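Data block below; observations after.
All values derive from a computational prediction rather than experimental measurement. Chain letters run A, B, ... following the sequence lines, proteins first and then strands; every chain starts at 1.
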Amino acid sequence: MPLYDNHTIKIYNTLSGEKEVFEPITNGHIGMYVCGPTVYSNVHLGNVRTFMSFDMIFRYFKHLGYKIRYVRNITDAGHLENDDDVGEDKITKKARLEAIEPMEIVQRYTVDFHNVLNTFNFLPPSIEPTATGHIIEQIELIQNIIDNGFAYNVNGSVYFDVHKYNESNDYGILSKRKLEDLIHNTRALDGQSDKKNPQDFALWKKAEPTHIMRWPSPWSDGFPGWHLECTAMSTKYLGDYFDIHGGGMDLKFPHHECEIAQNQAAKGQDPVKYWMHANMLELNGARMSKSSGNYINPAELLSGDNDIMSKAYNPSVIRFFMMQASYKSVLDLTDDGLKAAEKGFNRLMDAIGLIDKLKPSAATSSFHVSDWKQKCYDAMNDDFNTPILIAVLFDAAKFINQIKDGSATLSQHDLELLKETIEAFTFDVLGLVDTAKENTGIDKLSGAVDILINLRKEARLNKDFALSDKIRDELIAAGIQLQDGKDGTTFTTN
RNA sequence: GGUGUCUUGGCCGAGUGGCUAGGCAAAGGUCUGCAAAACCUUGUACAGCGGUUCGAAUCCGCUAGACACCUCCA
C-alpha cells in the first residue's frame, strides 16, 4: 500500500480561499505546473524562493509515493514591455543592448538559472518546456479562442475580448476583482491602441520590421502574448484538467487570471483543480528591486560578495531559512535572520550526525518515536507547514542530545525509526544537505584532528593549559569545533 | 483611488475561539582546569479602541500602520 493512502493532505486553494482536502484527479498521480522564469537576466532571489516552495511540495509528494509530473516552463520569448509597446519584447531589447543574438541571452541565463537551482539542491522538474518550442500550440489556441468568439484580429494583432468573455464568465474569479472596478481604475493610456477596451490583452502581436523574434501565423508575422504560453504548455503536458497550478503571488493577476480566461474561452473550463501561490521575499523589510539598490542576487548571497550581508551563507542555510517560514507568508531576508538560521541549521545537523554514534540503551524508549513521526506528517499534511515540521525536527534533535548525555533511552527499533524518519524529512523532503557529510575529505581530516585532540589531552593532563587552549582556539579559527564530553572529545566542522 | 493580504515576546517566525510552537538572542544552573558544545530551568507576547462570547491573539466593527496587485516584475 502506497504511503499516500495513509495521509490526507490539505492545500490552501487560492481560488476558493480555503484549505481543501487534496484529492488527485487520478488516484496515485499528480500533475503540477509552475510558471517558470523569464530568462533575460540572472534569476531573481525571490524567484528562487517560489521555486523552492514548489520543490519542497514536489519532494513531499514523491516521498508519499505519488507519481507526479512536474512541469516548469522557461519563458524565452519575452513578455511585452506594455500593452502599447510596438512590438519589442524584453529579450530583444536586452539583446540589442548587448549586441548579441536573443537566443544567446536565453542560453546564458538558462544556464545561470539551472546552476543556481542546482546549488540549492533542487530536483529537476519532469518537463521543462520552452515558450519558443510551443508556438504552434499557441497559434492553435488563439484560433480556438477566435472561433469561439472571444478574440478579435486588428491589423494582424489578436486581442482577447475581456468584456465579451465577462458576459458569460467571471473575469476576476481568481484575483477577486470585478471588471467594473478594473474599468474605473484603468487610466487612459497615451497613444493609439488597437484594443477595443484597455482591459483586453494580447494573444498575438504583429512584429514590427525591426523585431528579431518572430513567427508566421494566420494573422501576421509576430509573436505570442505573454499569458498564452503557460496555457498551451500546461494543458499539452498535463491534460485539459490537472491537479495543481502554482506560481508567485504576483502572477495571480493578471497572468493566472488570463490563463483561466484563455482556457475557458478555448475549451470551456479552468483546467486547474488547486491554485497555489507562493508569497514574496523582501530584503531588509522592503521590496527587492534593482532600481532602488535594495537588491541581492543568489550568486552574491552565496559568495558573500555583497554590501548587504556580513558573510557568505551556505545554500542549505538559505534553504533552511526559507523553510522556516510558511510558503504563504511574506518572508524578510536579513543578515540577522540568516545568522540565526545558520546556528539553528548547524544544531540540527549536529544532532543528526550524532545518530550513527548512538547505541540503543534500553528495551523501551523514553521518547515516543512513532508519535513524533506522525507529527512530522501532520505538519506537512497541513498545507506543507514546514515551520512546524522544523519545530518537530528540533524536538528530535533535543532528544538525540539527551540520549548522548545518558538522560534518555531508546530501543534498537526506535533508533532505526528515528534515523530513517529524521533523515527522510530533513534531506528528502526539505531538501537540505548535510554540510559535514558533504565534505569528502572528512575521514582524513578526522585522523589529523584526532592527533591534535590527543596532543591536547596530554597537555591538559600535564596542566599545560596554554598549549591545550592554543590547540583548541586555533582549530576553532580553522572551522573545527572541539566538543568535550564524558566519553572523550569529538569535533564538528561547521 | 480600487482590490486583497498582513500587524505575535529583544529579533525571526508558527498558530487562529479555551490546551508549551520552534529557532536565534538573554538570564540562572549542571558539566569543565577555564571555556565551548550539550542538557535542565526561566521569560508569559499577540498594533490600538470597541463589540460578540462563559471564555478572543483567534470572530465582528472602527482606527492606525505595513505589504502586494491594479503597470514589466516571482
Side-chain angles (χ1 to χ4, degrees), chain A residues 14 17 34-38 40-41 43-51 53 78-85 89-90 172 175-178 180-187 189 199 226 246-255 257 277-282 285-291 320-321 324-326 328-334 336-348 350-351 354 379 382 385-395 397-398 400-402 404-408 460-461 463-465 468-469 472-473 476 481-486 489-492:
Chain A
T14 319
V34 173
C35 294
T38 302
Y40 66 86
S41 66
V43 61
H44 193 286
L45 193 60
N47 221 164
V48 171
R49 185 195 179 199
T50 298
F51 299 144
S53 297
H79 296 167
L80 299 180
E81 288 283 15
N82 60 55
D83 283 340
D84 276 353
D85 191 289
D89 70 34
K90 275 190 171 175
S175 54
K176 312 287 189 282
R177 281 161 217 267
K178 291 189 172 69
E180 303 85 76
D181 294 335
L182 290 170
I183 292 167
H184 291 141
N185 294 311
T186 305
R187 55 177 183 205
L189 294 161
Q199 293 76 36
W226 75 284
M249 195 72 90
D250 54 339
L251 293 183
K252 193 155 66 168
F253 188 89
H255 184 57
E257 196 71 62
H277 289 93
N279 218 324
M280 303 290 108
L281 182 70
E282 295 185 349
R287 167 191 179 70
M288 256 191 257
S289 71
K290 282 181 187 170
S291 53
F320 182 80
F321 172 77
Q324 273 192 306
S326 160
K328 290 200 299 289
S329 298
V330 174
L331 176 63
D332 189 19
L333 185 74
T334 63
D336 285 347
L338 285 171
K339 276 185 191 162
E342 184 174 54
K343 290 200 174 187
F345 172 74
N346 287 337
R347 197 160 91 81
L348 184 62
D350 288 348
L354 272 176
D382 183 16
N385 196 327
T386 51
I388 294 290
L389 172 64
I390 289 173
V392 175
L393 293 178
F394 272 109
D395 288 344
K398 190 175 195 174
I400 290 165
N401 284 320
Q402 285 172 348
K404 182 197 167 201
D405 283 4
S407 61
R460 292 173 74 196
L461 286 171
K463 307 262 188 230
D464 184 357
F465 297 124
S468 67
D469 288 357
R472 181 181 70 197
D473 295 342
I476 287 173
Q481 172 73 59
L482 297 186
Q483 295 178 327
D484 293 330
K486 282 173 185 160
T489 303
T490 56
F491 73 95
T492 58

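B:G9 and B:U44: their P atoms are spaced 14 Å apart (whole Å). Annotation: B:A38 and B:G55 have their P atoms spaced 45 Å apart (nearest Å).
When the side-chain contact (heavy atoms from CB on, under 4.5 Å) test is applied to A:Thr334, the partners found at least two apart in sequence or on another chain are A:Asn284, A:Asp332, A:Asp336. Residues satisfying the side chain to side chain donor-acceptor pair (under 3.5 Å) criterion with A:Thr14, sequence neighbours excluded, are A:His277. A:Pro254 is linked by a side-chain contact (heavy atoms from CB on, under 4.5 Å) to A:Trp226, A:His227, A:Cys258, counting only residues two or more places apart in sequence or in another chain. The ring-ring contact (aromatic ring centres under 6.0 Å, His included) check on A:Phe321 picks up nothing, with sequence neighbours excluded. Residues that satisfy the salt bridge (charged side-chain N to carboxylate O under 4.0 Å, His left out) test with A:Lys252, not counting sequence neighbours, are absent from this structure. Residues satisfying the side-chain contact (heavy atoms from CB on, under 4.5 Å) test with A:Asp250, not counting sequence neighbours, are A:Met280. Residues meeting the salt bridge (charged side-chain N to carboxylate O under 4.0 Å, His left out) test with A:Glu342, sequence neighbours left out: A:Lys311. For A:Asp469, the salt bridge (charged side-chain N to carboxylate O under 4.0 Å, His left out) partners two or more places apart in sequence, or in a different chain, are A:Arg472. When the side chain to side chain donor-acceptor pair (under 3.5 Å) test is applied to A:Glu257, the partners found at least two apart in sequence or on another chain are A:Ser175.
Contact check for A:Gln324 versus A:Ile390: side-chain heavy atoms found under the 4.5 Å cut-off. A heavy-atom distance below 4.5 Å is found between the side chains of A:His44 and A:Met288.
Looking at heavy-atom distances under 4.0 Å, A:Arg49 makes no contact with the nucleic acid at all. Among the atoms of the strands shown, base atoms are found under 4.0 Å from some heavy atom of A:Leu281. Nucleic acid contact for A:Glu282: sugar-phosphate only, since backbone atoms but no base atoms lie under 4.0 Å from a heavy atom of the residue.
The CZ-P distance, from A:Arg177 to B:G1, rounds to 17 Å in whole Å. The distance between atom NE2 of A:His277 and atom C1' of B:C67, rounded to the nearest whole Å, is 17 Å. A:Phe465 has its CZ atom 10 Å from the C1' atom of B:U32, to the nearest Å. Distance, A:Asp464 CG to B:C34 C1': 14 Å, rounded to whole Å. Between the NZ atom of A:Lys176 and the P atom of B:U3 there is a distance of 15 Å, rounded to whole Å.
Each of A:Met280 and A:Ser175 has a nearest nucleotide on RNA chain B; the 5'-most of these lies closest to A:Ser175.
Put simply, the side chain of A:Arg287 and the base of B:A68 share no donor and acceptor less than 3.5 Å apart.
For the strand RNA chain B, secondary-structure stems (runs of at least three Watson-Crick or G-U pairs, all distances below 3.5 Å) span B:1-7 with B:64-70, B:10-12 with B:22-24, B:26-30 with B:38-42, B:47-51 with B:59-63.
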- Message: At under 4.0 Å between heavy atoms, how does the protein contact nucleotides 36-41 of chain B? Give one character per nucleotide, 5' to 3', with B, S or -.
- Response: BBSSS-
So which protein N/O to nucleotides 11-13 of chain B N/O distances come out below 3.5 Å?
{"from": "B:G13", "atom 1": "OP1", "to": "A:Asp332", "atom 2": "N", "distance (Å)": "3.3"}
{"from": "B:G13", "atom 1": "O2'", "to": "A:Gln324", "atom 2": "O", "distance (Å)": "3.4"}

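For the OP1/OP2 pair of B:A68 and a distance below 4.0 Å, the side-chain nitrogens and oxygens of A:Asn279 include no atom meeting the criterion.
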